[in-house]
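Note that the numbering runs from 1 along the sequence shown for the chain.
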Amino acid sequence: MADADNKGREQPDFEAMGETMSNVGHATLELAMNLGKMRNVPALDGGAQILEELRAMRHEMADMQRTMMTRLEAA
């Protein structure tokens, strides 16, 4: 709306801006709530599962090496 005070310049639609900000707020909240659940998707968390298995294998191998060394020293 143009009037004498704004010299014909178009003014912002504050109602539309408020609605948009509300939608952005809801979308941000939804995104934040769901990002933490991404680790529940096996295809996206595969790296963590693989790393856990590799660490377990390393510990098992270290245990086997200690057992072998103990037996060799006793022989």
Side-chain angles (χ1 to χ4, degrees):
M1 288 192 257
D3 62 23
D5 291 338
N6 65 29
K7 298 181 177 141
R9 292 179 291 188
E10 189 174 1
Q11 297 298 301
D13 184 346
F14 290 106
E15 187 176 327
M17 289 171 61
E19 186 176 323
T20 300
M21 289 305 291
S22 177
N23 291 339
V24 168
H26 291 299
T28 302
L29 176 62
E30 190 69 29
L31 183 61
M33 289 172 47
N34 283 290
L35 277 176
K37 297 176 187 175
M38 294 298 282
R39 66 179 164 266
N40 297 337
V41 178
L44 300 176
D45 192 38
Q49 292 174 355
I50 292 169
L51 182 59
E52 184 179 330
E53 289 297 321
L54 286 172
R55 286 180 176 152
M57 288 172 60
R58 184 179 65 206
H59 291 308
E60 289 174 17
M61 289 176 69
D63 289 343
M64 287 190 301
Q65 184 180 16
R66 277 192 290 277
T67 301
M68 254 198 315
M69 292 303 293
T70 301
R71 288 181 182 174
L72 287 172
E73 290 171 355

If you round to the nearest 0.5 Å, how far is [atom2] of [Y] from [atom1] of [X]?
X	Y	atom1	atom2	value
Leu54	Ile50	CG	CD1	7.5 Å
Met61	Arg58	CE	CZ	10.5 Å
His26	Asn23	NE2	CG	7.0 Å
Thr67	Met64	OG1	CE	8.5 Å
His59	Arg55	NE2	CZ	8.0 Å

Are Leu31 and Met38 co-members of a hydrophobic cluster defined by side-chain heavy atoms under 4.5 Å apart?
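They do share one cluster, since a chain of ILVMFWY contacts under 4.5 Å joins Met38 to Leu31.
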Answer yes or no: is there a donor N or O on one side and an acceptor on the other, between the side chain of Ser22 and the main chain of Gly18, under 3.5 Å?
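Not at all, since once roles are kept as given, no pair shorter than 3.5 Å links the two residues.
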Would you check if the side chain of Gln11 reaches a backbone N or O of Arg9 as a donor-acceptor pair within less than 3.5 Å?
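Judged by distance alone, yes, a pair lies under 3.5 Å.
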Is the number of heavy atoms from other residues, nucleotides or ligands within 6.0 Å of CD (Gln49) greater than 12?
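It does: Gln49 CD has more than 12 such atoms within range.
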